[in-house]
Amino acid sequence: MATPLQRFEEDWRAFERRHVWHPYASMSHPLPAEPVVRAAGARLRLENGTELIDGMASWWCVIHGYNHPALNAAAREQLEQMSHVMFGGLTHRPAARLAALLLELAPPGLEHVFFSDSGSVSVEVAIKMALQYWHARGLPGKQRLLAVRGGYHGDTFGAMSVCDPIGGMHHMFRHVLPQHFFAPRPECSGGADFDPADAAAIGAILADHHDEIAALVIEPIVQGAGGMHIYCPGYLKRLRDLCDAHGVLLVLDEIATGFGRTGTMFACEHAGVAPDIMCVGKALTGGYMSLAATLCTREVAEGISGAAPGAFMHGPTFMANPLACAVAGASIDLLRQGDWRQRVAGIEVQIASGLAPCRALPGVSDVRSLGALGVVELDRDVDPAWMQQEFVRRGVWVRPFRNLVYIMPPYVISGEELDRLTTAIAEVVEAFAAR
Ligand SMILES: *Cc1c(COP(=O)(O)O)cnc(C)c1O
């Protein structure tokens with residue numbers, strides 16, 4: 001009987017299929033996975049030499065493109081110094097510089113930065129901040145959260161508890177998940193005017209339960225993995241007012257939307273709203289490695305720090321990893337040069353016109369876009385293996401989920417590459433309807 005390493009040497013793909021989990025995947029019936037050997041700009045190179053134009057930015061992350069010289073240089077330079085040291089009792093310039101850069105960009109009022117290793121953990125940290133803040137303020141009854149249907153905030157338990165209760169994993173884990181309040185999803189779409197009736201239900205929950213609610217947790221303007229819904233800025237503005245009126249903290253999850261994706265640096269800028277606590281992740285390192293941060297106001301930080309136990313109770317092993325901080329600093333340096341604004345504005349126009357013909361296709365229920373994000377919603381769930389193969393056959397990388405075919409390409413994508421992406425989407429969606 002061959003050992004694992006022998007079987008790997010013999011056929012690494014067969015070995016991988018048999019032993020390595022993929023996201024949301026079955027180990028007994030794995031879906032096909034394409035072997036990537038290299039990536040540069042907006043292109044992925046497969047083992048067999050095929051080049052794919054990347055429509056996914058590796059799940060919102062790779063905003064400057066793969067293999068970027070400035071990010072490579074930052075990683076190399078930091079690697080020569082140290083790739084990691086513990087953050088307890090030690091500190092380093094890359095973390096301090098990244099905090100300074102984040103606070104330069106962040107919405108007004110945010111003054112403190114807590115680094116962690118992934119988006120989900122930054123949401124856990126945000127939740128703990130909110131709970132600990134009210135505990136410190138002598139209102140320990142405020143220990144529940146308010147969220148909105150259709151949201152996605154990550155896969156760890158605290159984050160899961162504020163994800164959409166139907167689309168999320170609430171049912172399977174209902175005996176261990178804390179029970180929070182859920183308001184209906186905002187009905188207004190991106191371009192629409194805000195109708196105050198849209199926020200009536202959430203207003204009623206806040207009026208009735210504000211003495212139990214620590215924070216409202218929501219993705220600003222775009223609800224990502226929960227359904228790619230784009231809602232009107234007026235709704236978010238109204239939430240800010242409601243939170244202020246009822247003494248509830250506003251936590252904005254900018255993990256998907258942050259760093260320019262929706263056309264503004266942070267999506268909350270569309271509404272002119274600043275949160276009490278904000279989570280960032282995904283594109284923070286330009287997609288080079290995992291790093292996230294939770295930012296908060298002085299009020300929140302001082303509240304937590306001014307009462308027993310006198311410290312915020314969280315501290316990941318890889319907190320503020322220097323390598324990740326150095327690359328994130330270089331990524332924000334690129335953003336500060338400002339080209340992204342024009343690029344995203346150009347992508348926005350091209351996605352809107354490139355996907356518009358999909359509206360007339362059978363099986364399409366909606367087409368929407370904002371910034372460097374475009375979504376074609378179908379009237380039934382896709383067959384992911386079939387669709388993946390159809391896209392790869394056309395030389396593009398698009399990975400639909402549920403009934404959503406969507407793209408959020410790297411900002412460096414060329415007009416011609418983007419054209420190939422939107423053309424492929426129209427073709428594949430049409431072929432899917434005919435199946
Ligand atoms: C991806 C995502 C998360 C979770 O981030 P991970 O790095 O996958 O843990 C949380 N919130 C939003 C809005 C996301 O898009």
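Whatever order the structure lists them in is the order used to number ligands and atoms, beginning at 1. As the structure is a prediction and not an experimental result, all values here were calculated from the model.
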Could you check atom 12 (C) of ligand 1 against the protein and tell me its nearest heavy-atom contact, residue, atom and distance included? Asp253 OD2, 3.4 Å
So if I count the atoms of ligand 1 from 1 in the order they appear, which ones are less than 4.0 Å from some heavy atom of Gly154? 4 (C), 10 (C)
Which of the atoms in ligand 1, numbered in the order shown and given with their element, are less than 4.0 Å from a heavy-atom of Glu219? 13 (C)
CG (Leu177) and CE (Met172) are apart, to the nearest 0.5 Å, by 10.0 Å
Distance from atom 8 (O) of ligand 1 to nearest protein heavy atom, with residue and atom: Ser120 OG, 4.3 Å
Return the closest protein heavy atom for atom 7 (O) of ligand 1 as residue, atom name and distance. Gly119 N, 2.9 Å
Carboxylate-amine/guanidinium proximity below 4.0 Å for Glu390 and Arg394: yes
Going by the order shown, which atoms of ligand 1 are within less than 4.0 Å of some heavy atom of Ser118? 7 (O), 9 (O)
Number the atoms of ligand 1 from 1 as they appear, then name those within less than 4.0 Å of a heavy atom of His153, with their elements. 10 (C), 11 (N)
Does Thr156 use its side chain to pair, donor to acceptor, with the backbone of Gly158 at less than 3.5 Å? no
Donor-acceptor pair, side chain of Lys142 and main chain of Gly247, under 3.5 angstrom: yes
Any carboxylate oxygen within less than 4.0 angstrom of a Lys/Arg side-chain nitrogen, looking at Arg240 and Asp276? yes
For atom 1 (C) of ligand 1, find the nearest protein heavy atom and state the residue, atom name and distance (0.1 Å precision). Lys282 NZ, 1.4 Å
When you compare the side chain of Val148 with that of Tyr235, does any pair of heavy atoms fall below 4.5 Å? yes
Taking heavy atoms and a distance under 4.0 Å, where does Tyr152 meet ligand 1: side chain, backbone, both or neither? both
Would you find a donor on one side and an acceptor on the other, under 3.5 Å apart, between the side chain of Asp198 and the backbone of Glu187? yes
